[in-house]
Structures are given as C-alpha cells and as structure tokens.
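One structure is given here, and the rest of the page talks about it.
Chain letters run A, B, ... following the sequence lines, proteins first and then strands; every chain starts at 1.
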Amino acid sequence: MEMNKKDIIRLLEQIAVLLELKGENSFKIAAYSRAAQNIERDSRALSEIDDFTKIKGIGKGTSSVIMQYIHDGKSEALEELKKQVPAGLIPLLQVPGLGGKKLSRLYQELNVTDAESLREALVSKEVEALPGFGKKSAEKLLASLQEMGKRPERLPIAVVLPIVEKLNQHLETIPEIRAFSIAGSVRRMRETVKDIDFIIATEQPDIVGNKLLDIENVKEVIAKGQTKVSVILAEQYDINVDFRMVKENEFATTLHHFTGSSEHNVHMRQLAKSHDEKISEYGVENVASQEILQFTDEEQFYAHFNLRYIPPELREDSGEIEAFAERKIAEGLLHLSHIKGDLHMHTTWSDGAQSLEEMAEAARRKGYEYIAITDHSKFLRVANGLDETRLRKQKEEINRLNERYADLHIFSGVEMDILPDGSLDFSDKFLREMDFVIAAIHSSFSQSQEQIMTRLKNAMNNPYVSLIAHPTGRLIGKRDGYAIDMEELIATAAETNTALEINANPNRLDLSAAWAKKAQEKGVVLSIDTDAHNYSMLEDMKYGVATARKGWISKNTVMNTWTAEKIKSFCNHKRMIEK
DNA sequence: GCCGTTTTCGGCCCGACTGTTTTCAGTCG
C-alpha cells in the first residue's frame, strides 16, 4: 500500500484517541497528538523524511511506531489498542461531560461500548450508582446524549458570520459596554466553528448580563453569572454563544486567551515561563514578585514578549511565534487596506443582481482603483451566460464607462467555462479581445481526477487564461469539490504563469488557507476575489483577505494589490511567452 | 511519550467550574 503523510497523521491521532479512552496519562496522549501535528506542519513529503526523531516532539517510541507502520502497512500498537477499546466509544468522547477517564470507567465497570449501551446504563441508573458519578451527572449525560446528532458538530463559518454580525449590532446598543470583540475560532477565521465567543469589557456586568438576554432567538440560558453569560440561539441550527465579561484592564489578555488557539496559548505560556512569567486570562504575572502586568491591547501584550502583533488568523502555533519575532514577516503580511480592486464579479448581463454601472459605482464608493467584470460564458445557460456577440456589446458599455471615470478602471473580463470534454468555451481568437479571462469548472463535478486535471491543465496552458476561479469547487460543509491533484495544479500554475483564486465567498474560501500557503511557496500569484453577484457580496473581500492571512500570504503575492498597469503586464506577459 | 547548560528523573500551560467530595478529580476552553 502506498503510504502518505496523512496516513501517518491519522495513525498517531487514532492512537491518541484510544489512549485517551484507556484513561492513559494525559501527557502521553498529548505527545502523540503533538507528534501528529508536527508531522503535518513539516512541509516535506513522506519520502523526504529519513529520520523522524529529528522532528520536534518525536522520540524513539513514536518513531518506531511510525517506521513499523510504513514498513508493514499496519501498526501493532494500534491493533493492540483497538483490541482493548471498542470503536463505539470514540464518538462518545464528544458528549459534553465525558472525557477519556470517565468513559474508560464506564466501559470497564458497566461494559458501556457505544451510545446505545450508555443510554441503557443511564436509564437503569447504573451510572449514577458508580462512585464519582451521581444523579445530576447522569441526568446531564442522558440529556446531551439525546441532543447528539441533531446538528453537525461544527458549522460552516458562512452560517455563523451573519449571526456574529447581528450580535455585533446588538452589543453596540448597550451603553454599559466599554469594549467588546468576537473571539474564538470565528476570530481566527477557521472554516468551521463550534460556538461563538465574545469578550466584553464592562464595570457593570449585572446590567450588561441582563441586556444580553434581550438578544433575538435566545432559546436557552445555560449560565448567567458575574463573569459569563452563556446562551443557545435558535438560528438555522442551535448555536452556543458565550459572553465573557471582564474589567477593562483585563480585556486584552482575556481576548487573547479566548481567541486561542489553545496550541498558540500553550506556546505563549511556555515562552512566558522561560522568562519566569505566567500568562493567564487576567494578565501576565511575574512569578518572583507576583506583580501582575496588564495591557491596553494585544499589540502591547505581544510587545511585552518582544513579538510583533500576531493577527488572530495566524494563531495556530504553526511557527508564528518564532516568525513574528522578526520585523520582516509582520510587515510583508497582506492587509485588507492593500486591496486595490476586485477581479471577479457578475452583473445583470448574466446572473448578477445589479447592473454593470451599479457594480462599478459600488466599487468606486469602496475606493477601488479597478475591477474586472467577469460574467459567465455561453455554456452556462442557467446563468444566462454571454456569447461572443453579447460580450463584445458589454465591452462597448465598459469602454463608455471607462471614459467617464477618472478614478476607476474596468477590465473587460469573462468567467469562461472549462467544458466537460476539456475544451474551453471560446476560441483563442476571441479571447484575445478580452482584457481579463478567468477559467472555471461549473459542470461534471464527478469526473475522475485525471479528467478534471486535464480540464484544468488545458485552461492553464491557454495563453489568454490569467486566473483559475475557485480551483477546487468546494462548498464548505456542503460539497467536497471535484477530484483534484492540488500539488499538480499548483505546479502547473507556477509553470504557466496562471494565477489561482482565493474566492472570498465564505461558503467557498477556495483556495483554502493551507493550499494558498503552498501555492505561495511555489511562486504562484494569487487573486482574492468576491465573485459578487450583488452589492453586498463585495463586502466578502475581508473574508478572503483573512483566509489569505491565515495562509501567511504576503501582499506581493496577491495581484489585486498591484496597480492596474502591473496586472495588464502580468496578463500580457503570458500571452507573449506562450504565443 | 518527550525532553534536558538544573540532562536519565520529574516535569510537561493555566484557571474556572462542576459534582462529588470532606480536599479533589475530571472536564473544559
């Protein structure tokens, strides 16, 4: 069996979960998950790693487990654990209130092996008779067992962002709030999130706490105290929202703490510890003097540790703490204010809601220097795709607008379909008339990887195609996208001078942060575009930028931070060399 | 299980909360 890194990572993670269920020493468990993490983070392919013990966090033990797995195609350590721990216990780790230790005891003493046998043991009151458990915990467990499976464990960020927006507006109206901020994985711009966290600075937690309960769609109040209000909102799905209330001088450290990731926090705390300091959500304590330092904002907090401000998107403990000790990386990182235009949007000519002129006016109001109008091509009938005649007509209108605007340049573009047979929707002869050609797949998603790659490579090898839109076709939490060999796509993009898109629509975020990072490493140019079908979708740019930042993308990599002139020469360059 | 100018043992991030306990273990973020 051909083994890859993902297999190794899965092996180590499986071992960690099974050890947890055995109630093993938590540091041993952590050692396996850390090993998995560090392998994932290592940019080398499996075949390029000759000595695993050279990777941090991997010693003799883990290394020999890995080597045996690679050599034999199976792992004795894993098989042994699987014999000791029933597979049905694994999903039960997700039940709130159940960790490895308790589950392990339920298995050993009551022979609980899956959700059904747990339910039986709860109903028959065997669980509450067990020392360390009790009536109350049994009731809670039964309740959360019923809730399980009613909704996906993590929600796509696109589902959550509008709710966060609504909460932001509600918090704005409470005068007793001195400052507030979203925290948690939403602030870090993870693709999926479990709950919503807000940090609130206030001197009047009682009043604020009451006003928080006025939020629309509160279905249940889980907790309401001096420091924390926790509610469940009944939105499209039920979602848990935690509000943490602290004093103003604790706000920065609390925000940092609850923004996470927990791996980032652990690393920061290790750093502090090496200076004889202790980080908690309330401040940084000097262990010797017991003096507690507080900060007016996160910038100061990081500065205390001689670090540049690390943006939330990067806080995943993937090397950011070392990197932001340097000025260079912090300053090269992309920022929303660097974006000069949007190179992918639709109008009423195809399936957009606003006219060409309306979209142009909206872009001017945003202060953009340029946009590309990229309506669908003729193949996409359902979207009223444009043929050659209509595109030429549209170009006339664009020319008229370009004459009128001194402050905005409009590229006459098209989002051209890559057809199922691998051909393109327009001839080279016609494409030459267009300023900016995007190619994209909108059909036959279920083709083999070979067919999909042939289509994409045909498009990238075309001298007039400057950009591949939403390269994987995924919809987060809804659709995986087509079968694609990303390494090959990135290599071809680099070879052919074709840019790849980070589609900013929060349902897509395609390329993902991780792939965008790989693409940048290989020298591929990126474009961050909203694919807007109406005014308000132009505002999605911030999510695209956040995704790029999560992938450590620097300003220079992104073509829509360039001048219009530079974009023109990028497109022309490809046309020249490939003629 | 990993790690080490306090190196072969004894740590490993910190604090709150909960329920079960007479002083704490387990879970969570």
Side-chain angles (χ1 to χ4, degrees), chain A residues 12 15-16 18-38 52-66 77 81 92-106 127-141 144 183-188 190 193-199 222-228 230 240-246 250 253-285 287 292 315 317 321:
Chain A
L12 298 177
I15 291 178
L18 291 171
L19 287 175
E20 193 178 352
L21 284 170
K22 273 190 72 187
E24 266 283 3
N25 177 310
S26 59
F27 297 111
K28 187 169 167 179
I29 300 163
Y32 274 103
S33 357
R34 221 179 356 253
Q37 258 178 42
N38 288 340
F52 282 94
T53 60
K54 292 215 176 100
I55 297 175
K56 207 167 150 49
I58 298 182
K60 265 191 183 163
T62 311
S63 171
S64 71
V65 167
I66 296 172
L81 281 168
L92 294 182
L93 276 174
Q94 305 303 325
V95 180
L98 278 186
K101 294 226 166 74
K102 285 193 167 173
L103 260 176
S104 163
R105 286 194 48 216
L106 289 174
V127 172
E128 61 195 72
L130 226 52
F133 291 82
K135 209 177 169 67
K136 237 176 173 171
S137 18
E139 276 167 17
K140 274 197 166 174
L141 285 176
S144 31
S185 50
V186 177
R187 185 164 183 244
R188 300 201 314 280
R190 283 283 304 264
V193 301
K194 218 162 88 176
D195 53 14
I196 300 175
D197 297 287
F198 274 94
I199 311 301
I222 299 171
K224 182 175 175 300
Q226 286 286 306
T227 60
K228 179 178 167 179
S230 185
N240 182 199
V241 188
D242 286 347
F243 301 93
R244 312 263 169 179
M245 293 177 289
V246 293
E250 296 164 344
T253 39
T254 304
L255 179 59
H256 178 264
H257 175 82
F258 284 105
T259 296
S261 63
S262 74
E263 292 82 7
H264 174 87
N265 289 353
V266 166
H267 197 147
M268 285 300 295
R269 283 163 186 202
Q270 285 166 342
L271 182 68
K273 200 166 176 173
S274 68
H275 299 155
D276 279 323
E277 290 178 329
K278 231 163 60 173
I279 299 176
S280 80
E281 52 258 58
Y282 305 110
V284 175
E285 182 185 337
V287 175
I292 293 183
R315 299 181 197 169
D317 191 30
I321 292 174

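- Not a single donor-acceptor pair under 3.5 Å links the side chain of A/R244 to the backbone N or O of A/D197.
- Rounded to whole Å, the distance from NZ on A/K136 to P on B/dT20 is 8 Å.
- Rounded to whole angstrom, the span from the CD atom of A/E250 across to the C1' atom of B/dG15 amounts to 13 Å.
- Residues A/I66 and A/L12 have side chains in contact (heavy-atom distance under 4.5 Å, counting atoms from C-beta outward).
- The gap from the P atom of B/dT7 to that of B/dG11 amounts to 14 Å, rounded to the nearest Å.
- Partners of A/F198 under the ring-ring contact (aromatic ring centres under 6.0 Å, His included) rule, at least two apart in sequence or in another chain, are A/F243.
- Listed for the A/R187 side chain is no donor-acceptor partner under 3.5 Å among the backbone atoms of A/F258.
- At the heavy-atom level, A/S262 lies nowhere under 4.0 Å from the strands shown.
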Polar-atom pairs under 3.5 Å, protein N or O versus N or O of nucleotides 21-29 of chain B: list them with distances, or write none.
from   : atom 1 : to     : atom 2 : distance (Å)
B/dT27 : OP1    : A/G99  : N      : 2.8
B/dT27 : OP1    : A/G99  : O      : 3.3
B/dT27 : OP1    : A/K102 : N      : 3.0
B/dC28 : OP1    : A/G97  : N      : 2.7

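- Nucleotides B/dC13 and B/dC17 have their P atoms positioned 22 Å apart, rounded to a whole Å.
- One finds no side-chain N or O of A/K135 lying less than 4.0 angstrom from the OP1 or OP2 phosphate oxygen of B/dG19.
- Searching all strands for a Watson-Crick or G-U wobble partner of B/dA16 with both distances below 3.5 Å returns B/dT27.
- Sorted by first and then second residue, the side chain to side chain donor-acceptor pair (under 3.5 Å) pairs involving residues 129-140 of chain A (not counting sequence neighbours) form an empty list.
- At the heavy-atom level, A/K273 lies under 4.0 Å from the strands shown only through sugar-phosphate atoms.
- Taking the P atoms as reference points, B/dT18 lies 37 Å from B/dC3, given to the whole Å.
- Using modelled atom types, one side-chain atom of A/T253 and one backbone atom of A/E250 make a donor-acceptor pair closer than 3.5 Å.
- Listed nucleotides B/dC13, B/dG19, B/dG15 differ in distance to A/V266; the shortest reach to its side chain belongs to B/dC13.
- Atom CD in A/Q226 sits about 15 Å away from atom C1' in B/dA16, given to the nearest Å.
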For nucleotides 1-3 of chain B, list the nitrogen or oxygen atoms of the protein found under 3.5 Å from its nitrogen or oxygen atoms, one pair per line.
from  : atom 1 : to    : atom 2 : distance (Å)
B/dG1 : O3'    : A/T62 : OG1    : 3.0
B/dC2 : OP1    : A/G59 : N      : 2.5
B/dC2 : OP1    : A/G59 : O      : 3.2
B/dC2 : OP1    : A/T62 : N      : 3.1
B/dC2 : OP1    : A/T62 : OG1    : 2.8
B/dC2 : OP2    : A/G61 : N      : 3.2
B/dC3 : OP1    : A/G57 : N      : 2.8

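- The same atom, C1', is picked in B/dT8 and in B/dG1; the two are 15 Å apart, to the nearest Å.
- Applying the ring-ring contact (aromatic ring centres under 6.0 Å, His included) rule to A/H257 yields no partners; only residues at least two apart in sequence or on another chain are considered.
- Between the CG atom of A/L141 and the P atom of B/dG19 there is a distance of 11 Å, given to the nearest Å.
- To the nearest whole angstrom, the two C1' atoms, one in B/dC14 and one in B/dT20, are 23 Å apart.
- Distance A/H256 NE2 to B/dC13 P: 15 Å, rounded to the nearest Å.
- Using atom C1' as the reference point in both B/dT22 and B/dC28, the two lie 24 Å apart (nearest Å).
- Counting heavy atoms from C-beta on, the side chains of A/L19 and A/Y32 come closer than 4.5 Å.
- Within the 3.5 Å criterion, the main-chain N or O of A/R188 finds no donor-acceptor partner in the side chain of A/S185.
- Here A/E24 pairs with A/K28 under the salt bridge (Lys or Arg N to Asp or Glu O under 4.0 Å) rule; sequence neighbours left out.
- Distances shorter than 4.0 Å separate some side-chain N or O of A/S137 from OP1 or OP2 on B/dT20.
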